[in-house]
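The model shown is predicted, which means the values in this text are computed figures rather than measured ones.
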Amino acid sequence: MSLSIRNQIPGTVTAITPGEVMATVKVRLTGGQDITAAITLESVEELGLAAGTAVRALVKSTEVSLATAPVEGLSIRNQLPGTVTEVTTGGAMASVKVAVDGGELTSAITRDAVTDLALSSGTPVVALIKSTEISLATA
């Protein structure tokens, strides 16, 4: 299956915390970072997820925010350090590619944000992703 979601990072499930309707799934990405995905309990069951299951973390580029340093006091669980490798700007929006250990993320942000953060190739950044914005797929 082909998907339009640009961000597809491989990893392995390390833990699942089920709730009544939703579950949090901890995933160790290939580069060693840990992320948390909040998905429905039904999806956990349908995908057959358990510790050790190989998955791909899927994130739309519009759901990846960027900061120039780690952020404290924030509810966003996933903060992945990386380095900007490419910035492509248009009239209002920009596409920023970020190398993270074990993969690459693309963030769609405003052109003004690129300017305000002084983003260019080589800039260290932290990719911020809410756990509810991460989908999981099995191979």
Side-chain angles (χ1 to χ4, degrees):
M1 170 193 318
S2 295
L3 297 173
S4 64
I5 296 175
R6 295 182 205 176
N7 299 312
Q8 301 183 31
I9 302 175
T12 304
V13 173
T14 58
I16 299 171
T17 305
E20 289 187 35
V21 177
M22 299 288 289
T24 56
V25 180
K26 297 212 181 280
V27 176
R28 167 109 356 114
L29 300 178
T30 300
Q33 314 92 318
D34 292 316
I35 62 165
T36 300
I39 63 175
T40 65
L41 190 56
E42 182 179 0
S43 292
V44 169
E45 294 166 358
E46 287 178 0
L47 293 170
L49 298 181
T53 302
V55 294
R56 292 185 87 65
L58 309 172
V59 185
K60 290 175 61 174
S61 61
T62 53
E63 301 303 332
V64 178
S65 296
L66 299 176
T68 54
V71 182
E72 293 185 24
L74 189 66
S75 66
I76 296 175
R77 307 293 0 132
N78 303 299
Q79 297 192 30
L80 301 174
T83 304
V84 173
T85 59
E86 181 181 334
V87 177
T88 305
T89 56
M93 297 296 292
S95 175
V96 181
K97 292 188 180 190
V98 177
V100 297
D101 286 344
E104 180 179 74
L105 291 171
T106 298
S107 175
I109 60 176
T110 65
R111 182 178 179 160
D112 288 344
V114 168
T115 301
D116 291 347
L117 297 173
L119 299 179
S120 63
S121 185
T123 303
V125 293
V126 177
L128 307 167
I129 309 166
K130 290 180 64 172
S131 59
T132 54
E133 300 304 329
I134 296 176
S135 297
L136 298 175
T138 53

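- Between L105 and A127, the shortest heavy-atom distance links the atoms CD1-CB, 3.7 Å.
- Linking Ile, Leu, Val, Met, Phe, Trp and Tyr residues whenever their side-chain heavy atoms come within less than 4.5 Å leaves I9 and I5 in two separate clusters.
- Note that CG of L49 and CG of L41 are 10.5 Å apart. Values are rounded to the nearest 0.5 Å.
- Both V13 and L47 belong to a single network of hydrophobic side chains, linked directly or stepwise wherever heavy atoms of I, L, V, M, F, W or Y lie under 4.5 Å apart.
- The salt bridge (charged side-chain N to carboxylate O under 4.0 Å, His left out) analysis of residues 4-29, with sequence neighbours excluded, yields the pairs R28-D34.
- If you chain together hydrophobic residues whose side chains sit under 4.5 Å apart, V100 and V96 fall into the same group.
- Looking only at distances, a side-chain donor or acceptor of T30 sits under 3.5 Å from a matching main-chain atom of P10.
- Residue L74 is not grouped with residue I129 when hydrophobic side chains (ILVMFWY) are merged at heavy-atom distances under 4.5 angstrom, including chains of intermediate members.
- The two residues L80 and Q33 have their closest heavy-atom pair at CD2-CB, 3.6 Å.
- Remark: D112 CG to M93 CE distance equals 10.0 Å, nearest 0.5 Å.
- Minimum interatomic distance between I76 and Q79 (heavy atoms only, all atoms of both residues): O-NE2, 3.9 Å.
- Heavy atoms only, all atoms of each residue included: A94 and T89 are closest at CB-CG2, 3.8 Å.
- Rounding to the nearest 0.5 Å places CG of L29 at 9.5 Å from OG1 of T14.
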Please tabulate, for the side chains in residues 50-69, all donor-acceptor contacts under 3.5 angstrom to protein atoms that are two or more places apart in sequence or on a different chain.
from: T53; atom 1: OG1; to: A50; atom 2: N; distance (Å): 3.0
from: T53; atom 1: OG1; to: A50; atom 2: O; distance (Å): 2.8
from: R56; atom 1: NH2; to: Q8; atom 2: O; distance (Å): 3.3

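- Within the 4.5 Å cutoff, no side-chain heavy atoms of R77 are placed close to those of T24.
- With contacts defined as side-chain heavy-atom distances shorter than 4.5 Å, the pair I109/L119 qualifies.
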>> Please evaluate residues V25 and I16 with respect to the criterion side-chain contact (heavy atoms from CB on, under 4.5 Å), reporting the C-alpha separation (whole Å), side-chain torsions for both, the decisive distance (0.1 Å), and the verdict.
In response: CA-CA 5 Å; V25 180; I16 299 171; 4.2 Å; yes
Quiz: residues 131-139 side-chain donor-acceptor pairs under 3.5 angstrom, not counting sequence neighbours:
none

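- Between V44 and A23, the shortest heavy-atom distance links the atoms CG2-CB, 3.8 Å.
- A single hydrophobic cluster is not seen to contain both L128 and V27; linkage of ILVMFWY side chains at heavy-atom distances under 4.5 Å, directly or through other members, places them apart.
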